[in-house]
2 protein chains.
Amino acid sequence: MSTASVDRRTRRRQQTIDEILDVSIALMETEGVAALSLSAVARQLGMQPPSLYQYFPSKLAIYDALFQRGAEQFRDAQRKAVADVPVEQQLAHGIAAFGRWCMANQVLSQLLFWRTVPGFEPSPEAFAPALEVMADVQSHLQEAVESGRLREGAASEDGLALLTSMTAGLLSQQLANEPQASFEDGRYMKLIPVVLEMFFHHYAPTRGTAT
Amino acid sequence: MSTASVDRRTRRRQQTIDEILDVSIALMETEGVAALSLSAVARQLGMQPPSLYQYFPSKLAIYDALFQRGAEQFRDAQRKAVADVPVEQQLAHGIAAFGRWCMANQVLSQLLFWRTVPGFEPSPEAFAPALEVMADVQSHLQEAVESGRLREGAASEDGLALLTSMTAGLLSQQLANEPQASFEDGRYMKLIPVVLEMFFHHYAPTRGTAT
DNA sequence: GTCTATAACGCGATAGAC
DNA sequence: GTCTATCGCGTTATAGAC
């Protein structure tokens, strides 16, 4: 067996895996994240349900692959948004990119930020890119502190928790109440600049209360 | 058939309905909200699964009853928390009560604040008490505006959305990351006073930016 | 080896007859 | 209230096709 044929097979296999994930996302969009059905996926692909087990050992493994895919895409979108942007605007751009990505990838967002699929817990491997994003945000905060744009506590655990909770809260409300809206015209997404302003105000270097 | 016997039957029926709901909540606590199984409920009650259909027309109807129950309990907890409290502390007490109730009733909170059960949408009847709570909060905000403790915009749609998003965000993070914590020692619940402070700061009467 | 199909098991929600 | 029956699900075992 030639090396080329191995490659071709590997490529074809990866392609099938991607198709399975694509179809899964599409189905979850219409049926709900927790309502993913392997039979439905197989039908869409013209396969029999057991054939899927050549590619994933279980339904939860598909969720895990989707989680990882989502976390990687999310991380890359974040990084792209803050690249080539003046340091003092990185937080604002990053958070806007967060909102934009979430509204464009609602299914993946639900998987990443809520934990609502019974029995599913992301593997450490799938979770890793999500941790990277957290580290990125914290380093942006740290930078803002060191350059004097924010007070000490902003880069603390509480500061990070506050920032992520406020933005995740807007997202939560947006997805629960107005899921069909776009990032630009969502009632809650519109408030993203406001909470960022509140955050900067709370951790303003010269005044405000310690946390 | 005597009136008494009708009463007794009605009472007994209501009792069974309550038992079904209680068992459902208990099962969702261990298995996940979306993993509720009628068969499991029936087993716990020593019934056959089809017998449940004497009390609820479908599984989604059970979710709806739980939603309504949760919304009513939530509303009552809110109202009890703000009763007999000085007007200027009602918002703080109400929000603390929100956090406390949610952590003590996580299953119902998920049902109320996220929409993660495939195919479930609360009926208007079940949703009504939730709307009452919103109206209560808005009236508290309005009161704060009229008494000069908050600026005009605080009681607007955006103000209400901001306040609920920030608190719901903390809850979301708490439930997703540290569900086993209590209200008192949860990393995110601890920040509830902070976001309230940020809110008051943002809508302070004398200064701040318009929203 | 790698992929796919068929058959079968156990479980779930639910409809209907009793 | 039950029992029976139908249907769809995730999953496993097994056997044939590339």
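Numbered from 1 within each chain, the chains take letters A, B, ... in sequence-line order.
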Q: Evaluate whether atom CD of B:E152 has more than 12 neighbouring non-hydrogen atoms of other residues, nucleotides or ligands under 6.0 angstrom away.
A: no

Q: For A:Q54, answer base if it contacts any base atom (sugar-phosphate contacts may also be present), sugar-phosphate if it contacts only those atoms, and nothing otherwise; contact means non-hydrogen atoms under 4.0 Å.
A: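 Contact class for A:Q54: base.
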
Q: Using modelled atom types only, decide if a donor and an acceptor are shared between the side chain of B:S139 and the backbone of B:D136 within a distance under 3.5 Å.
A: yes

Q: Can you build the contact string for nucleotides 13-18 of chain D? Use B for base contact, S for sugar-phosphate-only contact, and - for no protein heavy atom under 4.0 Å.
A: ------

Q: In residues 28-42 of chain A, what residues come within less than 4.0 Å of DNA chain D, judged by heavy atoms?
A: A:L36, A:S37, A:L38, A:S39

Q: Backbone N or O of A:A155 within a donor-acceptor pair of the A:Q142 side chain at under 3.5 Å?
A: no

Q: Is the ring pair B:F74/B:W101 parallel, tilted or perpendicular, if the boundaries are 30 and 60 degrees?
A: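 Tilted, since the angle between the ring planes falls between 30° and 60°.
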
Q: Round to the nearest Å and state the distance from A:R9 atom CZ to C:dT4 atom P.
A: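 Rounding to the nearest Å, CZ of A:R9 and P of C:dT4 are 12 Å apart.
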
Q: I need the CE-P distance between A:M47 and C:dA5, as an integer number of Å.
A: 7 Å

Q: Separation of B:L52 atom CG from C:dG12 atom C1', in whole Å?
A: 13 Å

Q: The test is ring-ring contact (aromatic ring centres under 6.0 Å, His included); show your working for B:Y203 and B:F199 and say whether it passes.
A: CA-CA 6 Å; B:Y203 285 113; B:F199 182 79; 5.0 Å; yes

Q: Give a yes or no on this: more than 12 heavy atoms of other residues, nucleotides or ligands lie within 6.0 Å of atom CD of A:E184.
A: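 Count over threshold, so yes.
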
Q: Rounded to whole Å, how long is the line connecting atom CD of A:Q48 with atom P of C:dT6?
A: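 From A:Q48 CD to C:dT6 P: 5 Å.
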
Q: Under 4.0 Å, heavy atom to any atom of DNA chain D: which of residues 58-66 of chain A qualify?
A: A:S58, A:K59

Q: Look at the side chain of B:K80 and the backbone N and O of B:A97, then say whether any donor-acceptor pair between them is shorter than 3.5 Å.
A: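 Judged by distance alone, no pair lies under 3.5 Å.
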
Q: Counting just side-chain N and O atoms, does A:R8 come under 4.0 Å of either OP1 or OP2 of C:dT2?
A: no

Q: By the 4.0 Å heavy-atom rule, please label B:R13 as base, sugar-phosphate, or nothing.
A: nothing

Q: From the list C:dG12, C:dT4, C:dT2, which nucleotide is the closest neighbour of the side chain of A:Y55?
A: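 Nearest to the side-chain atoms of A:Y55, counting from C-beta on, is C:dT4.
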
Q: When rounded to the nearest 0.5 angstrom, what is the spacing between CD in B:E29 and CG in B:L108?
A: 8.5 Å

